[in-house]
Amino acid sequence: MKAVILLFPGINRERDMVLAVRQSFGTTPQIVWHKETSLPPGTDLVILPGGFSFGDYLRCGAMAAHSPIMPAVKAHADRGGYVLGVCNGFQILTEAGLLPGALLRNAGLRFLSMDTLLKVERSDTVFTSKWTPGAIFRAPMAHGDGNYNADEATLNRLEGENLVAFRYADANRNGSARSIAGIFSPNLRVLGLMPHPENLVDPLLGGIDGKPLFDSLAAA
Amino acid sequence: MSTEINASLAKSFGLNAEEYGKVLEIMGRTPSFTELGIFSVMWSEHCSYKSSRVWLKELPTKAPWVIHGPGENAGVIDIGDGLAAIFKMESHNHPSFIEPYQGAATGVGGILRDVFTMGARPIANLNALRFGDPSLPVTKRVVDGVVRGIGGYGNCVGVPTVGGEVNFHPAYNGNPLVNAMTVGIAHKDKIFLSAAAGIGNPVVYVGSKTGRDGIHGATMASTEFDASSEEKRPTVQVGDPFTEKLLIEACLELMQTDAIVAIQDMGAAGLTSSSVEMAGKGGVGIELNLDNVPQREPNMSAYEMMLSESQERMLLILKPERTELARTIIEKWDLDYAEIGHITDTGRIVIKHNGILEADIPLDPLAEAAPLYRRPWVETPKPVPLGTLDLSAPLGESLLKLIASPDLCSRRWIFDQYDSTVGGQTVKRPAQADAAIVRLEDSTRALAITTDVTPRYCVADPYEGGKQAVAETWRNITATGALPLAITDNMNFGNPEKPEIMGQFASTIQGMKEACLALDYPVVSGNVSLYNETEGRPILPTPAIGGVGVLEDVSKAVGYAAAPGLELVLIGATIGELGRSLYLREILGREDGPPPRST
């Protein structure tokens, strides 16, 4: 699996993502600047890391969704390529229309930085195969706008088609609809989630709860 | 400007009659409006350290591992493996009361720039905060704004906020303290300094456009507060952490090339202090053409541009043959790049705007004739011993009351709003160890970082309080298994023109000095914030100390988490010192007696 990491101005967790991918993949992912108009040949997985692309000005992810690289990302997804968006990356994917719904301000209107517990809703995907279904794992969250929302019909469809990837299992601190922390595209090849598995892949840093995400991708 | 330049105008700029006399002597004529502005900010307490310098000089600043001590943008120490830690703590107290969110946010931005301007990638932020009585509505507003501001800026730039401290005391009503510390990492042979060099070399402006915000902020930070302080809100700068993030990445990318001769951020007193200090340190002259300064609004005067404290700006001296390379990198990050002048051999700063000569000042006298005061001081009276105390309060109840008190209760509400994990290297987050532990990328090494001071000790006995503050950082670092190496200090005091305040300052320095010498623990950077008074009432003397240590094997880091069955061991003698203790304050309702002695 050849992974690339997109870099939009204001993104700040790209180094964290490099470390996590490198550890599981054994190779260092290439960083692709947002002003490029094509992905490197042979790209299997496009990762949109966390941060504050364009300062989160206007709306989180709104401007990055219109960056020059995004048509190539959409074409990649249309071809069935893998895409992973974490935190701001998730927000960009919803703004770009690659995933449904939107991430609103946290219900308490404050930035939230703490570990949360996530429940793995299904493990028959390329992103989650190293977990067992229903597994609970820990991941740091760090966001001001992680309150997942969509209209009732969309939420019903996500649940009906089994496209919820992760739900908050301890507390729904940001107020997300139906405790949704992450969702898949209908073909299960695009994943967006708010918490940061990439920040928990090393026992020294508090655990390896997030490592199965990257091990799953590495095994695909 | 048709305003008449005279002693009365100088006074309104913060220069006293004697200082204005020196200006006239240096210039040999009446200065222009812009020139007077430049003198007033360069000679403000904030920029010149005129009241504190004679005392600061007494602090130990040298050790074999110190690469750059005080005098640069931040302190630099050797941490092994060819790496250097670059760090400093700086206050943003006055702006944070006037406008808590922006005051605190720009405090974080400013200290980040002091560190990355030297070539370091910032890896950790900490903050030492003091607020007033927590039951007052104004305190709640200030706490909320300051915490949101620190988080809003630090979270966005992607530097983890890993530690700090918070105290509450009525002495900070109307004068909260916001001290922000940044630690960065660089290769020790790739440190960038600010001394300009190379006659003819271009002076390059990088970053945000210049606006009318923050004009005379350094002067504001050098006066006491009164009821009209709210009117000073326009002197508070507005931060843009997104631009700061771009500036960090652009500067670090440019630093991978050989284009930069010297670099400095535009902090307090903006373009004035950066250009004057860079040229002054390099022993050269500098000529600026303000027509080329990127401007946010039309018709700005030379005075406004020279004194603006618009944020997220850097001043660079480049090699002339590398300007196109530099422009390409800066513009890749969508930042303004402008050549606004060049280095000269005149030893003067010359400012031109719209074809008019706006300022022409000799640099050496501007720096050398800067006022330096050994202000009168009186020693703080020794505290009276406590005498016999009624210690009959039930211990269990007292303990519950203490751990629920504002100075001891959980700080989770605050640090849960700070991103402490970004960067993927935070080994010990807030409340996991006595000091924050941040690993170095691709290394088994880590830094242990803490901030400490106990102002209630300092007000009772500044000497013991200063000593204790240094010692506490040393203990907190040691407790994680790391070796303490050096400190940065942020000296927050009241009005230095009052002998009793100057006495607090002088004794605190002496106490710190004793601890630094005893522990082989030098001061490598720092900041002084004076005039922390409102309506004539001073804050508690608050020498906030930021300590940095190195842990060679990060897997040996020790935190609070303990397994069941382990034995508890108390090291050191307990001799029942209750003077100035929280027990005394919270249980017995007294704030007196001598603080514990550090030996």
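Order of the sequence lines sets the chain letters (A, B, ...), proteins ahead of strands, with each chain counted from 1. Note that this is a predicted model, so its numbers are computed, not measured.
Looking only at heavy-atom pairs under 4.5 Å with chain A, the residue among B:Lys245, B:Glu244, B:Arg412, B:Gln432 that has the most is B:Lys245. Options B:Asp416, B:Val554, B:Asp334 differ in how many heavy-atom pairs under 4.5 Å they form with chain A, and the most are formed by B:Asp416. When each of B:Asp419, B:Val427, B:Leu246 is scored by its heavy-atom pairs under 4.5 Å with chain A, the top score falls to B:Asp419. For chain B, the option among A:Ala142, A:Pro140, A:Pro9 with the highest count of heavy-atom pairs below 4.5 Å is A:Pro9.
Interface with chain A: from residues 153-162 of chain B, residues B:Asn155, B:Cys156, B:Val157, B:Gly158 qualify, criterion being any non-hydrogen pair under 4.5 Å. Using a 4.5 Å heavy-atom cut-off against chain B, no residue of residues 81-88 of chain A qualifies as contacting. Using non-hydrogen atoms only and a strict 4.5 Å limit, the part of residues 199-209 of chain A facing chain B consists of A:Asn199, A:Leu200, A:Asp202, A:Leu204, A:Leu205. Residues of residues 29-38 of chain A lying under 4.5 angstrom from chain B, judged on non-hydrogen atoms, are A:Trp33, A:Lys35 in numerical order.
Note that CZ of A:Arg110 and CG of B:Asp144 are 4.5 Å apart. Values are rounded to the nearest 0.5 Å. Put simply, CZ on B:Phe242 and CZ on A:Phe52 are 12.0 Å apart, with the number rounded to the nearest 0.5 Å. Summarising the geometry, atom CG belonging to A:Leu7 is positioned 7.5 Å from atom CD belonging to B:Glu249; distances are rounded to the nearest 0.5 Å.
Heavy-atom distances place both the backbone and the side chain of A:Phe54 under 4.5 Å from chain B. With a 4.5 angstrom heavy-atom cutoff, B:Lys332 touches chain A via backbone and side-chain atoms both. For A:Arg22, the part lying near chain B is the side chain, with the backbone staying farther off; criterion is any non-hydrogen pair under 4.5 Å. For B:Asp442, the part lying under 4.5 angstrom from a heavy atom of chain A is the side chain only.
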**Message:** Quick one, A:Met114 with B:Gln417, criterion side-chain contact (heavy atoms from CB on, under 4.5 Å). Give me CA distance, side-chain angles, the key distance, then yes/no.
**Reply:** CA-CA 9 Å; A:Met114 69 271 294; B:Gln417 299 183 55; over 6 Å; no
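Counting heavy atoms of neighbouring residues, nucleotides and ligands inside a 6.0 Å radius, atom NZ of A:Lys130 does not exceed 12 of them. Counting non-hydrogen atoms of neighbouring residues, nucleotides and ligands closer than 6.0 angstrom, the CD atom of B:Glu441 exceeds 12 such neighbours.
With hydrogens and angles disregarded, a donor-acceptor distance shorter than 3.5 Å links the side chain of A:Ser113 to the backbone of B:Tyr418.
In this structure, B:Thr421 and A:Arg13 have side chains that are in contact, with non-hydrogen atoms separated by less than 4.5 Å.
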